[in-house]
Amino acid sequence: MQPNRWSLPNLLSLTRLLLVPPLWAFAFLSLPKIVGFGLILAAITDVLDGQLARRLGLTSTFGSKLDSIADVLVSFSAVGWLLLLRPEVVRAHPYFIAVLMATAVFSLVLGWVKFGRLADFHLNSGRAAGIVGYLFLIDLFLIARYTQPLFYALMVLAWIVAIEALLLLFTRD
């Protein structure tokens, strides 16, 4: 057992991971405001876990993997929550979202095949996309406002992340 397995940063990542099932339940119950509040908590844990791990010297392979799993589950769930709670956003951009999701799945599969695990690059572009994604979803679910510039900023950043991840997957061992 690793000495820092249940450190504060890892508990924050675990909290984000454990938020996903109840947020799905609230989405199925058509409660977007509660999903929005849950995403605020997820965003806080997402920002704090890595920063605390580095500042406190508690970085670990386990923590990195836990963070990546939580990030992937929240990201893919966000598309599902969009479909359930604000399907008009997905209907307005079906090809954009579908191709981006297919690229993300391809990256996950390629990382799994190449490395035998999730490729957890923790890219700066991914951090930026995560922040903008949280802002977009919180605005959409909590305030019930669809802000197109925020959506397009998210899509641009998501494509940068996807391209950067694919380049790393194809060029790194």
Side-chain angles (χ1 to χ4, degrees), residues 5-53 60 62-109 111-112 117-120 122-123 126-148 150-155 157-158 161-162 165:
R5 179 156 282 185
W6 301 117
S7 64
L8 178 59
N10 290 352
L11 290 173
L12 290 169
S13 294
L14 181 63
T15 299
R16 190 167 65 260
L17 184 68
L18 294 175
L19 275 170
V20 172
L23 290 179
W24 269 106
F26 292 127
F28 278 119
L29 293 170
S30 296
L31 298 168
K33 289 191 185 299
I34 296 176
V35 175
F37 281 117
L39 285 168
I40 290 172
L41 184 56
I44 291 167
T45 64
D46 197 3
V47 169
L48 288 179
D49 62 358
Q51 286 186 3
L52 283 174
S60 67
F62 175 78
S64 178
K65 288 178 184 178
L66 185 62
D67 177 60
S68 292
I69 291 167
D71 288 346
V72 167
L73 285 178
V74 170
S75 295
F76 280 94
S77 293
V79 176
W81 299 330
L82 269 175
L83 285 166
L84 283 172
L85 299 170
R86 294 298 299 269
E88 69 277 8
V89 174
V90 179
R91 278 195 301 269
H93 311 283
Y95 301 113
F96 210 26
I97 293 172
V99 173
L100 187 58
M101 290 301 296
T103 304
V105 169
F106 178 71
S107 292
L108 288 174
V109 170
W112 193 268
R117 60 180 173 79
L118 283 177
D120 49 353
H122 298 284
L123 305 168
R127 288 183 187 97
I131 290 167
V132 173
Y134 280 121
L135 290 173
F136 172 72
L137 292 170
I138 291 165
D139 187 40
L140 189 65
F141 295 149
L142 201 55
I143 301 170
R145 178 178 55 200
Y146 172 43
T147 308
Q148 276 194 334
L150 204 51
F151 174 81
Y152 287 119
L154 172 59
M155 289 297 106
L157 287 167
V161 173

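- Atoms CG and CD, on L83 and E88 in that order, are 10.5 Å from each other to the nearest 0.5 Å.
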Run the numbers on Y134 and V47 for side-chain contact (heavy atoms from CB on, under 4.5 Å), then give the verdict. CA-CA 11 Å; Y134 280 121; V47 169; over 6 Å; no

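- In this structure, the salt bridge (Lys or Arg N to Asp or Glu O under 4.0 Å) partners of R117, at least two apart in sequence or on a different chain, are D120.
- Of all heavy-atom pairs between N10 and R5, the closest is ND2-O, 2.8 Å.
- Aromatic pair W81/F28: centroids not less than 6.0 angstrom apart.
- In this structure, the separation between CG on L31 and CZ on F26 is 7.0 Å, given to the nearest 0.5 Å.
- Here the side chains of R86 and Y146 are in contact, with some heavy-atom distance below 4.5 Å.
- For D46 against D49, the heavy-atom pair with the smallest separation is O-OD1, 2.8 Å.
- Taking NE2 of H93 as the reference point, atom OH of Y152 lies at 4.0 Å (rounded to 0.5 Å).
- Under 3.5 Å, the side chains of H122 and D71 contain no donor-acceptor pair of N or O atoms.
- Listed here is the closest heavy atom pair of F141 and L82: CZ-N, 4.1 Å.
- Separation of atoms CG (L108) and OG1 (T103) is listed at 11.0 Å; rounding is to 0.5 Å.
- In this structure, L23 and G38 approach most closely via the heavy-atom pair CD2-CA, 3.7 Å.
- Judged purely by atom type and a 3.5 angstrom limit, S60 uses its side chain to pair as donor or acceptor with the backbone of G63.
- Looking at R16 and D67, their side chains come closer than 4.5 Å, going by heavy atoms from C-beta outward.
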Using side-chain contact (heavy atoms from CB on, under 4.5 Å), reason through M155 and F96 one step at a time and then give a plain yes or no. CA-CA 8 Å; M155 289 297 106; F96 210 26; 3.0 Å; yes

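- Residues W24 and V35 form no side-chain contact, since every pair of their non-hydrogen atoms from C-beta on lies 4.5 Å or further apart.
- For the atom pair CG of L17 and CG of L12, the computed distance is 12.5 Å after rounding to the nearest 0.5 Å.
- We find the CG-CG distance between L11 and L18 to be 10.0 Å, quoted to the nearest 0.5 Å.
- Applying the 6.0 Å contact sphere to CZ of F37 captures no more than 12 heavy atoms from other residues, nucleotides or ligands.
- Counting heavy atoms from C-beta outward, I40 and L142 have side chains that approach closer than 4.5 Å.
- The nearest pair of heavy atoms linking L85 to S30 is CD2-CA, 3.8 Å.
- R145 is linked by a salt bridge (Lys or Arg N to Asp or Glu O under 4.0 Å) to D139, counting only residues two or more places apart in sequence or in another chain.
- Among all heavy-atom pairs drawn from V89 and F136, the shortest one is CG1-CZ, 4.1 Å.
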side-chain contact (heavy atoms from CB on, under 4.5 Å) between F151 and L140, intermediate numbers included: CA-CA 10 Å; F151 174 81; L140 189 65; over 6 Å; no

